[in-house]
Amino acid sequence: MYKTKDGKEIFVLDGHTHFWDGSPENQSNVHGKQFIDCFYAYHTNLSPPEHLWEKARFEKYSEDDIYRDLFIDGPDDMAIIQTTVLRDFYKQGFSSIERSSSMAKRHPERFIVNGSFDPRDGEKALEQIHYMKEEFDIQGVKIYTAEWHGNSKGFALNDPDAYKCFELCDKLGIKNIHVHKGPTIIPLSKDAFDVHDVDYAATDFQNLNWIIEHCGLPRLDDFCWIAVQENNVYGGLAVALPFIHARPRYFAEVIAELLFWVGEDNLLFGSDYAIWTPRWLVEKFWEFQIPEDIAQERGVQLTDEIKEKILGLNAARLYGIDVEAKKKQLSNAPVQIAAE
Amino acid sequence: MLTDIIKTDLEFEVWECLERVNDPELDEPLTDMGFIERVEVIDSHRVEVGFRLPTYWCSPNFAFLMAFGIRREVEKLRWVRSIRVELSDHCFGDEVNEGVNSGRAFSAVFAQYCDGADLEAVTETFRAKAFDRRQEAVLMDLRKRGLSAKRIVSMTLGEFDCTEFEDEDAIKQKPRYRELLLSCGLAEDSDDLAFPTWEGQKIAAGLLPQHFERLRGVRINMEFNGAMCRGLASTRYKEVEIGPDGPTLVDFIAGRVPPREDARAQG
């Protein structure tokens, strides 16, 4: 719960968090090391100095750490934990659904754990989707299109095998497809960050919600063109939002673009924990105003009402959460450090 | 044996010609981005250039383009007979280094990594974005000083050449915009339109606001990515140390951070 200066209580649903293990013990090779190192560079580049973590803590944090950072020190009411497997890089997976679910079991009222699958597994991917639905009753998945798997260095959302998986998701009521467009390296003749496959998938699967993490960055311009045409395409603000501290004018430009093209009902807050922690992000976001010249040129405003939607109400709608009932439930179960 | 003075002069020449190699995605020179890490003149005709990108995962196809761009520009120097380019700490570094230093043409090296397909469609996409970005910078200057939409869309190349731009970004982009306009065949002589679309069409005066809207998106994305790349390049080799005054960032390439095991043992 974020409490504004004038005492208003804002429901915060953090749409993009991880419970990962990127420690050297879990790395399979140099790529695993370079993956977490890259995350760490994002962390050190954009965090306010007082929120910087040492490398070892960043690589692997505890169940107590995540609970404290999100809900005690942080203003989150709930958080969506994403699964990112990276099986060619990490022995036990980077953030597996099993490990995240086991962590989330301590506070099931606060966590939504999403699954993941790799369409290149064919039949096995379909089995995996059934397993995740039966075992963990998932409502969403995260797809990382740049995952390396043997000789393949990534895939597209509109590959035929991916479509079979989305058909099954639709049938089982797994409605929320979070997409992280990483660098899909092969074939080298294509743009590694191309987002146009989102357009095909969102058109062909109107029942599913397509949440594009990082708003398609580094292809924000292409993403905006797609999102303006598709009602079921959403933008996750992770990575764009931390600019609010280091480069607030860039953030203003980006959020103005997003409000103009994607719209206030289709944007979701995400801290990208543990790359960033939610407290400073939410505080700065609530205080943020789009500078007059940018607001005027784009004809958009970032009002309190819009901020409230972005911070929690939009995601609650996608995940079927009754916000008033949830607030009541959480006020009866205040945050506390679990006894060791 | 080169004297230090001559060596420094030659290295300066190499740095200068590297200013003409752009990051295709950001449309900014590698030298401005801080990607060039090392220029070394070995003897009177041999050069080595080392570069590093902001992350291990930066697009390999663009890494190839940058590596070959470095080779192409340095080879233009009359005294250079051999150039070695080295990309460090990159997921495709071995392939890029082998390819760029093999003496084979870019097309031949590149084709082997994508079943014979070429890179033309992608380079074209990013040339178009660079064109839009450069065009917007000069257009904004004209709009700011109150030129009407009708006047802007019908401006000729000759008039463009005679225009003194005021805005810093516009002054910088004017020659770069002109260069792309001509090299892509969108204008040839002074009577041609200065501001066609990338498809070579005249912009209707009434549609200029929509045209600006699109260009704006391209610029914001590019500027954001540029800021991100600069930031990541600056922190890629740094780690946090928690001292009495709180956390600070320390460069570990310079050997100022003790090895991890030692740090843990001390902690």
Side-chain angles (χ1 to χ4, degrees), chain A residues 24 30-31 33-35 37-38 40-58 146 148 153 182-194 215-225 239-240 243 246-247 249-251 253-254 256-257 260-261 297-298, chain B residues 25-26 54-62 64 89-92 110-111 113-122 125-126 129 132 212-214 216-225 227-242 246-249 257 260 263-264 267:
Chain A
V30 64
H31 308 306
K33 176 185 161 19
Q34 290 284 358
F35 193 86
D37 283 359
C38 182
Y40 191 62
Y42 275 82
H43 167 75
T44 51
N45 175 23
L46 292 172
S47 297
E50 64 274 24
H51 295 290
L52 288 171
W53 290 10
E54 286 172 302
K55 186 82 175 289
R57 176 179 171 199
F58 187 86
W148 287 18
K153 306 289 184 235
T184 309
I185 284 170
I186 299 277
L188 284 187
S189 50
K190 295 256 166 37
D191 171 20
F193 290 97
D194 186 47
C215 299
L217 283 163
R219 300 286 176 266
L220 181 76
D221 47 346
D222 299 331
F223 168 71
C224 284
W225 275 101
V239 173
F243 270 67
R247 312 297 291 269
R249 206 173 153 89
Y250 280 122
F251 175 70
E253 300 252 36
V254 168
E257 284 301 291
F260 181 83
W261 297 107
E297 212 180 317
R298 255 295 167 241
Chain B
E25 211 174 338
L26 306 170
T55 81
Y56 183 76
W57 307 101
C58 294
S59 297
N61 48 10
F62 294 145
F64 266 111
D89 279 1
H90 187 271
C91 66
F92 243 63
F110 195 79
Y113 296 107
C114 37
D115 303 329
D118 67 21
L119 198 56
E120 199 37 48
V122 180
T125 303
F126 285 87
K129 290 190 186 209
D132 286 346
F212 263 112
E213 228 156 54
R214 203 178 53 73
R216 179 190 171 86
V218 173
R219 165 173 52 90
I220 288 169
N221 182 60
M222 233 182 237
E223 283 182 347
F224 185 94
N225 293 339
M228 182 60 100
C229 292
R230 282 194 168 85
L232 290 174
S234 75
T235 55
R236 182 171 178 189
Y237 295 101
K238 287 179 180 161
E239 279 194 18
V240 171
E241 243 179 20
I242 313 270
T248 46
L249 275 174
V257 169
R260 291 286 299 286
R264 270 182 191 157

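Atom set for the values below is all heavy atoms of this structure, side chains included, hydrogens, waters and symmetry mates excluded. A, B, ... follow the sequence lines: proteins, then strands. Residue 1 opens every chain.
If you tally non-hydrogen atom pairs under 4.5 Å between each of A/His51, A/His43, A/Glu50, A/Glu297 and chain B, the highest count goes to A/Glu297. For chain A, the option among B/Leu232, B/Asp89, B/Thr248, B/Val122 with the highest count of heavy-atom pairs below 4.5 Å is B/Leu232. Top candidate by heavy-atom pairs under 4.5 Å with chain B, chosen from A/Leu220, A/Val239, A/Leu46, is A/Leu220.
Residues passing the salt bridge (Lys or Arg N to Asp or Glu O under 4.0 Å) test with A/Glu257, sequence neighbours excluded: A/Arg298, B/Arg216. Shown here are the salt bridge (Lys or Arg N to Asp or Glu O under 4.0 Å) partners of A/Asp194, two or more places apart in sequence or in another chain: there are none.
A/Tyr40 and B/Lys238 get closest at one heavy-atom pair: CE2-O, 3.8 Å. Residues A/Ala192 and B/Ser59 share a closest heavy-atom pair of CB-OG, 3.4 Å.
When side chains are defined from C-beta on, A/Ser189 does not count as touching B/Tyr113, because their heavy atoms never get closer than 4.5 Å. Using a 4.5 Å cut-off on side-chain heavy atoms (C-beta onward), A/Asp37 and B/Arg236 make no contact. Residues B/Val240 and A/Trp53 form no side-chain contact, since every pair of their non-hydrogen atoms from C-beta on lies 4.5 Å or further apart.
We find the CG-OG1 distance between A/Asp222 and B/Thr125 to be 8.5 Å, quoted to the nearest 0.5 Å. Atom CG in A/Leu188 sits 4.5 Å away from atom CZ in B/Phe110 (nearest 0.5 Å). We find the CD-SG distance between A/Gln34 and B/Cys91 to be 9.0 Å, quoted to the nearest 0.5 Å. Atom CG of B/Asn61 and atom CG of A/Asp191 lie 7.0 Å apart (nearest 0.5 Å). Summarising the geometry, atom CZ belonging to B/Arg214 is positioned 6.5 Å from atom CH2 belonging to A/Trp225; distances are rounded to the nearest 0.5 Å.
Looking at A/Phe193, only its side chain comes within 4.5 Å of chain B, counting heavy atoms on both sides. B/Ile242 touches chain A through backbone and side chain together, each having a heavy atom under 4.5 Å away. Of the atoms belonging to B/Met222, not a single heavy atom falls under 4.5 Å from chain A. Looking at B/Phe212, there are no atoms closer than 4.5 Å to chain A (heavy atoms on both sides), in backbone or side chain. Contact of B/Glu213 with chain A is made through backbone and side chain together, with heavy-atom distances under 4.5 Å. When heavy atoms are compared at a cutoff of 4.5 Å, A/Phe243 approaches chain B solely by way of its side chain, counted from C-beta outward.
Residues A/Asp221 and B/Lys129 are paired through a salt bridge, judged by an N-O separation under 4.0 Å between the basic side chain and the carboxylate. Using a cut-off of 4.0 Å between Lys/Arg side-chain N and Asp/Glu carboxylate O, B/Glu241 and A/Lys55 are scored as not salt-bridged.
Summarising the local packing, NZ of A/Lys190 is surrounded by 12 or fewer heavy atoms from other residues, nucleotides or ligands at distances under 6.0 Å.
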| field | Residue pair B/Phe224, A/Arg247: steps toward the side chain to side chain contact (heavy atoms under 4.5 Å, CB included) verdict | value | CA-CA 9 Å; B/Phe224 185 94; A/Arg247 312 297 291 269; over 6 Å; no
| task | Step by step, work out the side chain to side chain contact (heavy atoms under 4.5 Å, CB included) result for A/Phe35 and B/Trp57. | result | CA-CA 8 Å; A/Phe35 193 86; B/Trp57 307 101; 4.1 Å; yes
| field | B/Tyr56 vs A/Val30, side chain to side chain contact (heavy atoms under 4.5 Å, CB included): CA-CA, chis, key distance, verdict | value | CA-CA 10 Å; B/Tyr56 183 76; A/Val30 64; 3.7 Å; yes
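Checked by atom type and distance alone, the side chain of B/Asn221 pairs as donor or acceptor with a backbone atom of A/Pro218 at under 3.5 Å. Between the side chain of B/Thr235 and the backbone N or O of A/Ala41 there is at least one donor-acceptor pair closer than 3.5 Å.
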